[in-house]
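Shown next, in C-alpha cells, is the structure this report addresses.
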Amino acid sequence: MTKEQLLHRFYHMLVPTFDQLAELRDKETLKVDILAGITVALILVPQSMAYAQLAGLPAYYGLYASFLPPMIAAIFGSSRQLATGPVAVVSLMTAASLEPLAASGSEGFLMYATLLAILIGLFQVSLGVLRLGVLVDFLSHPVVLGFTSAGAIIIGTSQISKLFGVTAERADHHYETVYNVIQAALTDTHWPTVFIALLSIGIMVGIRRWKPTWPAVLIAVVFTTLISKATDFAKRNGAIVGEIPEGLPGIAIPQLSFDIFLDLITAAIIISLIGFMEAISIAKAMAAKTRQHLDANQELFGQGLSNIASGLFSGYPVSGSFSRSAVNINAGARTGFSSIVTAAVVGITLLFLTPLLYHLPQATLATIIIIAVVGLVKIEPIKHAWKVEKHDGIVAVITFVLTLYMAPHLDKGILAGVFLSMALFIYRTMRPRFAMVSRHPDGTFRDLSVFPELETCKNIIIIRFYMSLYYANAGYFETKVLQVFAEHRDAKYIIIDAEGINMVDSTGEMVLTQLRERLEAAGVIVLIARMKRQFMQSMRKAGAITTTEDERFFSRLTFALEYAWDQMECDQCDNSKGCPLRISVARKQYDAREGTPALPTPVDKIRTLVTEE
C-alpha cells in the first residue's frame with residue numbers, strides 16, 4: 001500500500017459520517033438519547049473516580065478521562081451505543097504497568113499515565129488505518145476468560161485495605177500484599193470505614209434487587225457522602241476524596257523520550273488489544289441486537305482517538321464499558337448523541353459540582369469497584385471451554401493461575417496465555433486426523449477406522465488429510481502416506497482427497513511434490529482430488545502444476561477414480577467393473593453382508609446418476 005493510499009484512508013476515517021444527525025430531528029429520538037446520556041453520566045461520574053484510584057491516580061483523573069473520550073469515540077467510532085470511558089480491567093493494567101516506573105500518585109506516575117493513553121491511542125489508530133484489527137484474534141477466548149476472571153479477583157482484593165481503612169506494605173507479588181493487608185486488618189481495622197463500606201454495599205445490592213431502575217451507585221454516593229459530612233468522617237481518620245480541582249482539563253503534551261517509550265510500549269500494545277477486545281465484543285453484541293452496521297476498523301480508529309484525547313487532556317487509558325453500555329442501550333439510546341450528552345454532564349460536574357464530592361468516602365469508591373467486577377469472575381465458561389476442547393480449558397486455567405501468581409505483572413500472565421494458546425494450537429495441528437476411506441453403500445466415502453466392514457480395493461487407495469498442509473505437519477503427512485504405501489504393496493494408485501487441505505505452504509508443497517516423485521518411481525501413481533483454490537494457487541506458483549489441465553489433479557473424487565479405472569487392468573474385479581469403490585458394488589456387498597437391501601434415498605439416486613463421491 002502506497003503512502004498516498006494510507007493518507008487517503010486516514011482522511012476518510014477522520015471525517016466522520018453525519019448520518020445520525022438526521023435521526024435527531026425526530027423529537028422522540030432526541031429525547032431518549034438525552035435521557036440515556038444523563039442516566040449513563042450518573043453512573044459514570046462516581047464509577048470513573050473509583051477506577052482512577054484503582055489505576056493509582058487521583059480520583060479526578062477519572063473525570064478527566066470521562067469528559068472528551070466518550071464524545072470522541074461516539075463521533076469517530078461506528079457503534080451507536082458503546083459507552084467509552086474508564087473501565088476496571090484497563091485501570092488495573094495501567095496501575096500494574098506504571099507502578100514499576102514511579103510511585104502511585106507521584107508527578108512522574110501522572111505523566112506516565114497520560115503518555116500511556118497517547119501511545120495506546122496511536123497504536124489503535126494505526127491498526128485501524130492499516131485494517132489490522134484482526135491482531136485482536138491472537139487473544140483467544142480462553143486466554144481472555146482466564147485473564148478477566150483473575151483480573152477481577154485482583155481488582156476486588158486490591159480494595160480490601162480501603163474497606164477496612166488500613167494501610168500495609170506493598171510486596172513484590174499481589175498475593176503477598178493481600179496477606180499483609182489482612183494482617184493489618186486483624187489489628188488496626190477502622191470501624192467507621194467498615195460501617196461506610198457495608199452501608200454502601202447494602203444500598204447498592206438492595207436497590208439492584210428491589211428497585212433495579214434506580215441509580216444505585218449514585219444513591220450510595222450521595223447517601224454516604226452526606227453521612228461523611230455530617231459525622232466529620234475525615235476528622236475521625238476516615239479516608240475521603242478531598243479537594244478536586246474545579247474546571248475543565250487543559251491540553252498538555254507530555255514529554256516523551258526514547259527510554260520512556262521503551263518502558264511503555266509493551267504495556268501500550270497489550271492494553272490496547274485487551275481494551276479493544278472488550279470494546280468490540282460489547283459493540284458487536286449491541287449491533288446484533290439493534291441490527292446496525294458495525295465497522296471494526298472504524299471502531300478501532302475511534303477508540304484510538306478517544307485515548308489520544310484522554311492523554312492530551314490529563315486523562316488515562318479508556319475503553320468501552322460493558323455495564324455502562326448496557327445501561328445506555330437499555331435506557332433507549334438510538335444514536336451516539338447519548339454519549340455526547342454523557343460527556344456534557346461530566347463537563348458540568350467538573351465546572352460546578354466538584355465541591356459536592358469533597359466528603360465522598362474512599363470506602364464507597366472501593367465498594368463501587370468490587371460490585372462492578374464481581375460479575376467478571378466467570379467459572380462456568382471455563383468449564384464449558386474444558387468440555388468443548390480440553391486444550392482450551394488448560395489455557396484458560398493456566399492463564400488464570402499465572403495472572404494471579406504474577407500480579408501485579410499482569411502482562412506476563414497474559415503473554416504466557418497467548419504463547420501457550422498458540423503452542424497448543426500448533427501441537428494439535430501437528431498430528432491432524434489422517435484416514436483411509438472406502439465407498440459406503442450410501443454413496444459417500446467413510447473412514448475405515450470407523451467402518452471397518454467396508455471392502456477396499458487392492459489397487460486404489462484413497463486417503464484424507466483433515467488439515468492445512470504446512471511446516472508443522474508436513475513430515476507427519478509424509479510418514480503416514482509412506483506407511484500406507486508400505487502396508488499396501490499391490491497398490492497402483494494413491495488418491496489424496498484434498499478437500500480438508502485449505503492451504504499449502506512451501507514446506508507442504510515441497511513434501512507433496514517429493515512424495516509424488518518417490519512413489520511414482522516405485523510404480524505408484526499419486527492423484528489429487530477436490531483441491532481448494534488456495535491449494536491449486538500454491539501448487540501452480542511452485543511449478544507443480546504446469547497447466548490447468550494437468551491430468552493428475554481432479555475436481556471430484558469420482559473423476560480421479562474413473563481415471564484410475566481406465567488406466568489399469570485388474571483380474572480380481574474384471575478390470576474395475578466389480579471394484580468395491582463403485583456405488584453399485586458397495587450396495588451389493590452390503591446386501592450380501594446384511595441380508596437386506598440398502599434402499600437408496602433420493603439423495604442416493606442423485607449421487608448414482610452423477611456418480612458423485
Task: Residue pair Phe261, Leu119: steps toward the side-chain contact (heavy atoms from CB on, under 4.5 Å) verdict - done: CA-CA 8 Å; Phe261 175 82; Leu119 289 177; 4.0 Å; yes
Minimal non-hydrogen separation, [X] against [Y], with atom names:
{"X": "Leu300", "Y": "Gln124", "answer": "CG-O, 3.4 Å"}
{"X": "Glu99", "Y": "Phe109", "answer": "N-CE1, 3.8 Å"}
{"X": "Ala363", "Y": "Leu163", "answer": "O-CD2, 4.3 Å"}
{"X": "Gly146", "Y": "Thr399", "answer": "C-CG2, 4.2 Å"}
{"X": "Phe164", "Y": "Thr193", "answer": "C-CG2, 4.2 Å"}
{"X": "Ile271", "Y": "Ser97", "answer": "CD1-OG, 3.9 Å"}

I want to check something: taking the side chain as every heavy atom from C-beta on, are [X] and [Y] in contact at a cut-off of under 4.5 Å?
{"X": "Met204", "Y": "Val217", "value": "yes"}
{"X": "Leu356", "Y": "Thr225", "value": "no"}
{"X": "Phe337", "Y": "Ile34", "value": "yes"}
{"X": "Ile153", "Y": "Phe400", "value": "yes"}
{"X": "Gln255", "Y": "Ile260", "value": "no"}
{"X": "Pro86", "Y": "Arg324", "value": "yes"}
{"X": "Val221", "Y": "Val45", "value": "no"}
{"X": "Ile201", "Y": "Ile370", "value": "no"}

[atom2] on [Y] to [atom1] on [X], rounded to 0.5 Å:
{"X": "Thr177", "Y": "Arg170", "atom1": "OG1", "atom2": "CZ", "value": "6.0 Å"}
{"X": "Ile160", "Y": "Ile182", "atom1": "CD1", "atom2": "CD1", "value": "5.5 Å"}
{"X": "Leu248", "Y": "Phe313", "atom1": "CG", "atom2": "CZ", "value": "9.5 Å"}
{"X": "Leu44", "Y": "Ser321", "atom1": "CG", "atom2": "OG", "value": "8.0 Å"}
{"X": "Leu82", "Y": "Glu278", "atom1": "CG", "atom2": "CD", "value": "9.5 Å"}
{"X": "Leu54", "Y": "Ile368", "atom1": "CG", "atom2": "CD1", "value": "12.5 Å"}

Open item on the list: Does the plane of the ring in Tyr405 sit parallel, tilted or perpendicular to the ring in Tyr175? Use 30° and 60° as the thresholds.
Closed with: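 The rings of Tyr405 and Tyr175 lie parallel, inter-plane angle below 30°.
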- [ ] Check the angle between the aromatic planes of Tyr60 and Tyr64 and answer parallel, tilted or perpendicular using the 30° and 60° thresholds.
- [x] perpendicular
Between [X] (side chain) and [Y] (backbone), is there a donor-acceptor pair under 3.5 Å?
{"X": "Ser338", "Y": "Asp33", "value": "no"}
{"X": "Gln362", "Y": "Ile240", "value": "yes"}
{"X": "Ser325", "Y": "Phe322", "value": "no"}
{"X": "His141", "Y": "Ala396", "value": "no"}
{"X": "Arg334", "Y": "Val32", "value": "no"}
{"X": "Glu299", "Y": "Ile280", "value": "no"}
{"X": "Ser310", "Y": "Pro317", "value": "no"}
{"X": "Ser104", "Y": "Gly56", "value": "no"}
{"X": "Asn328", "Y": "Gln81", "value": "yes"}
{"X": "Ser228", "Y": "Phe233", "value": "no"}

In this structure, are over 12 heavy atoms from other groups packed under 6.0 Å from [X] atom [atom1]?
{"X": "Glu107", "atom1": "CD", "answer": "no"}
{"X": "Asp232", "atom1": "CG", "answer": "yes"}
{"X": "Leu262", "atom1": "CG", "answer": "yes"}

Open item on the list: With side-chain contact (heavy atoms from CB on, under 4.5 Å) as the criterion, how do Ile43 and Leu218 come out once you've worked through the C-alpha distance, each side chain's angles and the decisive distance to 0.1 Å?
Closed with: CA-CA 6 Å; Ile43 299 172; Leu218 181 65; over 6 Å; no
TODO: Starting from the C-alpha separation in whole Å, work towards a yes-or-no answer on side-chain contact (heavy atoms from CB on, under 4.5 Å) for Ile369 and Gln53.
DONE: CA-CA 10 Å; Ile369 292 174; Gln53 295 204 320; 5.7 Å; no
Task: CA sep, side-chain torsions, deciding dist, call: Ile414, Thr403, side-chain contact (heavy atoms from CB on, under 4.5 Å) - done: CA-CA 7 Å; Ile414 197 166; Thr403 302; 5.6 Å; no
Examine the side chains of [X] and [Y] and answer whether a donor and an acceptor come within less than 3.5 Å of each other.
{"X": "His174", "Y": "Ser158", "result": "no"}
{"X": "Ser91", "Y": "Tyr316", "result": "yes"}
{"X": "Ser306", "Y": "Thr84", "result": "no"}

